[in-house]
Amino acid sequence: MNVPEAAAPARSAAPVPFGWAGLTPAAGAAVMATGILSVGLHLAGHEVVSLVALVLAGALWVVLAVHFTGRLLRARAEWSAQAHTPPALTAVAATTVLGTRLALLGWHGLAQALLALATVLWAVLLISVLRHLTHRMSGAVFLVCVATQGLAVLAATEALAGSGEWLARAALVLVGLGLLLYADALRRFDVRQVLTGAGDQWLAGGALAISALAAAALAASPLWRGDLHDVLRALTLALLTLDLAWYVVLLAAEALRPRPACDVRRWATVFPLGMSAAASLAASDATGIRWLSTLGQTLLWIAVTAWLLTLAGALRAYGPAGRRVPRR
C-alpha cells in the first residue's frame, strides 16, 4: 500500500499530482482555499464573486465527500491508513470554512449541521492523527491547529448570530487548545520545508491566521467585556502579526527557491494567503484599526491571483479525465 504523502518524513515527500486518480485527503485544501476566498470576498464587500466562490467550494465539498465515503466503503484499509495522517484533517477544516460562509449568509440551520459534522470528524480524526505524529514533518502537521481553530471560527460566528452564548464559550476553549496544538506542531515541523516544501509549508502561517480570525470573532462578541475583551483584542493583533511575519518569510523563500511544479498541495498555499486576508479584514472590524482593512483588501487580491494560477496549473497539467497531458 502506498503511504500517503504526509505520513512519510517531510524530506522524502514526492510531488503529488492534481487529478481524480489517486486522490488523497490533501485535496480538501482546495475546498479550504475556495471557501476562505468566499469569506474574504464577503468581508470586503464583493458579494457576487463571493457567492460564486461559495458555490464552487460547496460543489467540490460534495464531490470529495462522496469520493472519500465511497473509499471508506470499498477500501477501508486504505481509508484508515490515510485517516492517521494530518491531511485527513482537511475534511474538518474544509467543513468549518464552508459552514462559516453559510453562517455569514444567514443559513444558520445548515451551518449548525456542518458544525456538528465537523465536531464529530474532529473528535475522531484528531485523536488518530495525534497518535501518529512524528518529527521533521511537512507543513501538513499544522492542520491539527487549523482544524481546531476552524471549529472555533464557526462556533464564534454562530454565537455572534445569536445561536447561543455557549458556542462563544466553546470557541474560547478551542482557541486555547488550537494554540497549544500549534506549539506542538511547530516543534515537529521540519524547518527545511520553508525552502523545499511543495506548498503545505504555508500552513505554518495559515494556522496563525485562522487563529487570529477566531480571536477576532470572539473579540467582536458582546459577551466578553473589560479585561478579557482587551486580551482577545491583543491576542488577535499578536497572532496576525506573527502570521504576517511567516507570510514575508515564506514569500521570500519562494523567491529564493522557486517551485513551479504542479502539486495538489499548492491549494494549501492558497488557503493561508486567503486566510491572512480574511483575518486582516476581521481584525480591522474587531479592533477598529482601519488600515488593517486596506491590508486585507490587498492580501485578498493576492490570494485570488494565487487561486487562479493554481487552477490554471491544474488545468494545464491535466486533461479532463484527470490524466497528465504529455508535454510536447
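The structure presented is a predicted model; accordingly, all values stated were derived computationally and were not measured. By convention here, the first residue in the shown sequence is residue 1.
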### Message
Can you see whether Trp307 engages Thr34 through a side-chain donor-acceptor pair at a distance of less than 3.5 angstrom?
### Response
yes
### Task
For Arg290 and Ser284, indicate whether the former's side chain and the latter's backbone hold a donor-acceptor pair under 3.5 Å.
yes
#### Entry: Contact summary for Leu125 and Ala88, nearest pair of heavy atoms
CD1-O, 3.6 Å
### Query
Is Leu121 reachable from Leu73 through a run of I, L, V, M, F, W or Y residues, each pair having side-chain heavy atoms under 4.5 Å apart?
no
#### Entry: Rounded distance [0.5 Å steps], CZ in Arg101 versus NE2 in His42
5.0 Å
### Query
So which heavy atom on Trp246 is nearest to which on Gly205, and how close?
CB-CA, 3.7 Å
### Message
Tell me whether Gln201 contacts the main-chain N or O of Gly199 through its side chain, where contact means a donor paired with an acceptor under 3.5 Å.
### Response
yes
### Message
Would you say Trp202 ends up clustered with Leu309 if hydrophobic residues are merged whenever their side chains have heavy atoms under 4.5 Å apart, either directly or through other cluster members?
### Response
no
### Task
Would you give the length of the straight line joining atom OG of Ser50 to atom CG of Leu37, rounded to the nearest 0.5 angstrom?
9.5 Å
### Query
Is His229 reaching over with its side chain to a backbone N or O of Ala219, donor-acceptor style, under 3.5 angstrom?
yes
#### Entry: Minimum-distance pair of heavy atoms, taken over all atoms of Gly296 and Ala277
O-CB, 3.6 Å
### Task
Would you kindly say whether Arg266 and Thr269 are connected by a side-chain donor-acceptor distance under 3.5 Å?
yes
### Query
Stepwise, does the side-chain contact (heavy atoms from CB on, under 4.5 Å) test hold for Arg233 with Leu237?
CA-CA 6 Å; Arg233 185 180 185 276; Leu237 294 175; 4.0 Å; yes
#### Entry: Leu239 and Leu179, any side-chain heavy atoms less than 4.5 Å apart
yes
### Query
Going by heavy atoms in the side chains, are Leu295 and Leu244 under 4.5 Å from each other?
yes
### Message
Just so I know, are the side chains of Leu240 and Leu292 near enough to count as touching, which here means a heavy-atom distance under 4.5 Å?
### Response
yes
#### Entry: Validation row: Val52, Leu41 side chains within 4.5 angstrom (heavy atoms)
no
### Summary
Rounded to the nearest 0.5 Å, the CZ atom of Arg259 sits from the CG atom of Leu195 at a distance of 6.5 Å
### Message
Evaluate Leu223 against Leu218 for side-chain contact (heavy atoms from CB on, under 4.5 Å), listing each step before the verdict.
### Response
CA-CA 8 Å; Leu223 181 62; Leu218 287 171; over 6 Å; no
### Query
Got Leu273 and Val304 here, is their nearest side-chain heavy-atom distance under 4.5 Å?
no
#### Entry: By ring-ring contact (aromatic ring centres under 6.0 Å, His included) - contacts of His108 (at least two apart)
none
### Message
Test side chain to side chain donor-acceptor pair (under 3.5 Å) on Thr310 and Trp267; report intermediate values, then the result.
### Response
CA-CA 7 Å; Thr310 302; Trp267 290 115; over 6 Å; no
### Query
Do any N or O atoms from the side chain of Arg136 and from the backbone of Asp190 form a donor-acceptor pair under 3.5 angstrom?
no
### Message
Can you confirm whether the side chains of Arg71 and His67 place a donor and an acceptor under 3.5 Å from each other?
### Response
yes
### Message
If hydrophobic clusters are built from ILVMFWY residues whose side chains come within less than 4.5 Å, do Leu51 and Leu110 share one?
### Response
yes
### Task
List the steps, then state whether side-chain contact (heavy atoms from CB on, under 4.5 Å) holds for Val31 with Phe271.
CA-CA 9 Å; Val31 182; Phe271 170 73; over 6 Å; no
#### Entry: Polar side-chain atom of Thr69 near backbone of Val66 as donor-acceptor pair, under 3.5 Å
no
#### Entry: Min side-chain heavy-atom separation Leu250-Val194 under 4.5 Å
yes
### Query
If you round to the nearest 0.5 Å, how far is CG of Leu114 from OG1 of Thr119?
10.5 Å
## Note on the structure
Taking every heavy atom of Gly206 against every heavy atom of Met275, the minimum-distance pair comes out as O-CG, 4.0 Å
### Task
Rounded to the nearest 0.5 Å, what's the gap from CD1 on Ile36 to CG on Leu43? Could you check?
8.0 Å
Would you give me the side-chain donor-acceptor pairs under 3.5 Å for residues 139-154, sequence neighbours excluded?
| residue | atom | partner | partner atom | Å |
| --- | --- | --- | --- | --- |
| Thr148 | OG1 | Trp122 | NE1 | 3.0 |
| Thr148 | OG1 | Val144 | O | 2.8 |
| Gln149 | NE2 | Val175 | O | 3.2 |
| Gln149 | NE2 | Ser211 | OG | 3.0 |

### Stepwise side-chain contact (heavy atoms from CB on, under 4.5 Å) check, Ser293 with Leu281
CA-CA 5 Å; Ser293 178; Leu281 292 166; 4.0 Å; yes
### Query
Taking C-beta and beyond as the side chain, do Thr85 and His132 meet within less than 4.5 Å on heavy atoms?
no
### Within one Ile-Leu-Val-Met-Phe-Trp-Tyr cluster: Leu167 and Trp107, side-chain cutoff 4.5 Å
yes
### Task
Taking atom CZ of Arg187 as the centre, report whether more than 12 heavy atoms of other residues, nucleotides or ligands fall under 6.0 Å from it.
yes
### Query
Is there side-chain contact between Trp224 and Asp230, with heavy atoms separated by less than 4.5 Å?
no
### Message
Let me check something: do Val49 and Leu56 share a hydrophobic cluster, defined by ILVMFWY side-chain heavy atoms less than 4.5 Å apart, either directly or through other members?
### Response
yes
### Task
Any chance you could measure Leu133, atom CG, to Arg188, atom CZ, to the nearest 0.5 Å?
5.0 Å
### Query
Looking only at heavy atoms, what is the nearest atom pair of Gly164 and Ala159, with distance?
O-CB, 3.7 Å
### Task
Say whether, by atom type as modelled, one donor and one acceptor occur between the side chain of Thr298 and the main chain of Thr294 under 3.5 angstrom.
yes
### Task
Can you see which heavy atom on Pro222 is nearest to which on Leu160, and at what distance?
CD-CD2, 4.2 Å
